[in-house]
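Chain identifiers are assigned alphabetically (A, B, ...) following the order of the sequence lines, protein sequences preceding nucleic acid strands; residue numbering begins at 1 within each chain.
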Protein chains: 2
Amino acid sequence: MQENLEVRERILTVATTLFHRQGYNETGINQIIKEANVAKASLYYHFATKDDLCIAYLKRRHEVWNDTLQEFIRDKEDKILAVFDFLMEDNEQCNYRGCSFLNLLPEVPPGKKEMLSEVQEHKKGVLAFFEAEIKGSDPDLPFTVYSLFENAIIESQLFQSQEPVLRLKRIVVSLLRANG
Amino acid sequence: MQENLEVRERILTVATTLFHRQGYNETGINQIIKEANVAKASLYYHFATKDDLCIAYLKRRHEVWNDTLQEFIRDKEDKILAVFDFLMEDNEQCNYRGCSFLNLLPEVPPGKKEMLSEVQEHKKGVLAFFEAEIKGSDPDLPFTVYSLFENAIIESQLFQSQEPVLRLKRIVVSLLRANG
DNA sequence: TATTATTCAGACAAGTCTGTCTATATAGAA
DNA sequence: TTCTATATAGACAGACTTGTCTGAATAATA
């Protein structure tokens, strides 16, 4: 009964890359199976529908994002500022494609609750990270920093530039200094 | 040589509604002409391609957004805080569909420069608004408030709720009080 | 050995999409 | 009147989409 993960894994890896790079609706099943070198029936053997594959993609992205971030900040002194450096690295690697989760929002109808829920959970996790790292008297500080970080993602995607990230990082530095 | 604006206007109005509500790639030409009650040849008489219609849509949204905002804040005492109220009104009217401009980003390939440019120009305008309204010693304050406003849009779209807008508005209040 | 799980290639169905084209009609301007 | 601008309905081309299905092959397990 041992499951062969080879094929399933290849599909998920390729789908993750393409969904992120091109968008969900802009990526067809046929492109995925071609680049993953699998038969169409194999894809539908592992994933009942394209939407199911999308859910798996979101869960995978969530894991990878968290793990990569944890690894990245492990030896950094200031974990909060390190997240901005992490974003800049991601921007370079992914050509300023922005956030996989937020990118999905506009192109799925609000009826697809499960997808929406995955996106929400991811962002709750990001906020939780800042809440855990930022101690202080001001209860709004974590949400403020989270919001600035989120706009760093968006703005760098929009202008295809690291400059907004650097600027918002500096802003967060002085915010923390003033309220820490 | 008088141009009949009836049909062109109807197309643009319907396209504006549908692109915003459903997304660009999720809205077909056939749906537009059906709801606008025009012939397909009429659409292609006024707009060479669907992308051209999209550009017109963005320009229209930009105008309408600016005009509606100016009208909304005209009699308000605090123009900055009024923008957050404006957002809440927009959220209710458009069912938390978020920003027409940002929503377009994920689903158009980076090669479509003109669309990207329209989105960039709109956001530059939003930032310029905060820069004009916020005077003070801190040169980063307008960009900070702009970033918080942007995340108010995103967050309320993501969670289909006004709560983030209210919270970020309160945060901006104390930020301005501290730095004004 | 027999059974079951997994994979393959690719045809196919049924629908969507953008954009073109034909052919006709109407109204205003030259 | 003749020409041009604008409008109509709708067929059509060609390419795409997701998902199903056939039929065969392989590999692990009972």
Side-chain angles (χ1 to χ4, degrees), chain A residues 1-58 103-104 106-115, chain B residues 1-58 103-104 106-115:
Chain A
M1 201 89 83
Q2 189 207 323
E3 199 184 353
N4 182 357
L5 291 178
E6 255 311 307
V7 170
R8 188 182 195 277
E9 187 56 32
R10 243 153 55 214
I11 294 169
L12 193 47
T13 301
V14 169
T16 297
T17 303
L18 294 180
F19 286 164
H20 184 48
R21 184 191 300 155
Q22 307 175 345
Y24 177 60
N25 289 329
E26 293 68 35
T27 302
I29 290 289
N30 292 321
Q31 187 187 5
I32 294 171
I33 61 169
K34 192 176 175 184
E35 297 196 16
N37 241 277
V38 300
K40 185 175 279 194
S42 301
L43 188 149
Y44 282 101
Y45 177 81
H46 289 288
F47 304 96
T49 65
K50 192 190 174 191
D51 279 5
D52 281 8
L53 178 55
C54 186
I55 300 290
Y57 150 72
L58 291 172
N103 284 345
L104 200 65
E107 50 180 340
V108 303
K112 299 192 174 178
K113 303 282 186 197
E114 205 175 348
M115 290 190 197
Chain B
M1 200 88 86
Q2 189 206 324
E3 199 185 354
N4 182 355
L5 290 178
E6 254 312 308
V7 169
R8 188 182 196 278
E9 186 57 31
R10 240 152 58 215
I11 295 168
L12 193 47
T13 301
V14 169
T16 297
T17 303
L18 295 180
F19 286 164
H20 183 49
R21 184 190 302 155
Q22 307 176 346
Y24 178 59
N25 288 331
E26 292 70 33
T27 302
I29 289 290
N30 292 321
Q31 188 186 5
I32 294 171
I33 62 169
K34 192 175 174 185
E35 297 196 16
N37 242 277
V38 299
K40 185 176 278 194
S42 301
L43 188 149
Y44 281 100
Y45 176 81
H46 289 288
F47 304 96
T49 65
K50 194 191 173 191
D51 279 5
D52 282 6
L53 177 57
C54 186
I55 299 292
Y57 151 71
L58 291 172
N103 284 345
L104 200 64
E107 51 180 339
V108 302
K112 299 192 175 178
K113 303 283 185 197
E114 204 175 347
M115 289 190 199

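The nucleotide whose nearest atom lies closest to any side-chain atom of B:N30 is, among C:dT7, D:dT8, C:dT18, C:dT18. Out of D:dG10, C:dT6, C:dG19, the shortest distance to the side chain of B:T49 is found at C:dG19. In the set C:dG19, D:dA9, D:dT18, D:dT18 carries the atom at the smallest distance from any side-chain atom of A:Y44. Candidate nucleotides C:dT7, D:dA7, D:dT18 were compared by shortest atom distance to the side chain of B:V7, and D:dA7 ranks first.
Separating the CD1 atom of B:I32 from the P atom of C:dG19 is a distance of 11 Å, rounded to the nearest angstrom. B:L43 has its CG atom 14 Å from the P atom of C:dC17, to the nearest Å. Separating the OH atom of A:Y45 from the C1' atom of C:dA9 is a distance of 18 Å, rounded to the nearest angstrom. Rounded to an integer number of Å, the gap from CD1 of A:I29 to P of D:dG19 is 6 Å. Straight-line distance from the CG atom of B:N25 to the P atom of D:dA15: 20 Å, rounded to whole Å. To the nearest angstrom, P of C:dC17 lies 11 Å from NZ of B:K34. Atoms CD (A:E9) and C1' (C:dT7) sit 17 Å apart, rounded to a whole Å. In this entry the distance linking CD1 of A:I33 with C1' of D:dT18 reads 11 Å, nearest Å.
No donor-acceptor distance shorter than 3.5 angstrom exists from the side chain of B:R10 to the backbone of B:V38, with no hydrogens or angles considered. B:Y24 contributes no side-chain N or O that, together with a main-chain N or O of B:N103, makes up a donor-acceptor pair within less than 3.5 Å. Between the side chain of B:E114 and the backbone N or O of B:I55, no donor-acceptor pair lies under 3.5 Å.
In this structure the side chain of B:K40 reaches within 4.5 angstrom of the side chain of B:N30, judged on heavy atoms. Side chains of B:L53 and B:L12 form a contact here, defined as non-hydrogen atoms less than 4.5 Å apart.
Phosphate proximity of D:dA7 to B:S42: absent, as no side-chain N or O sits under 4.0 Å from OP1 or OP2. Phosphate proximity of C:dT6 to A:H46: absent, as no side-chain N or O sits under 4.0 Å from OP1 or OP2.
Nucleotides of DNA chain D nearest to B:K40 and A:Q31 differ in position, and the one nearer the 5' end is that of B:K40.
If you check every strand for non-hydrogen atoms under 4.0 Å, A:N37 touches sugar and phosphate atoms only.
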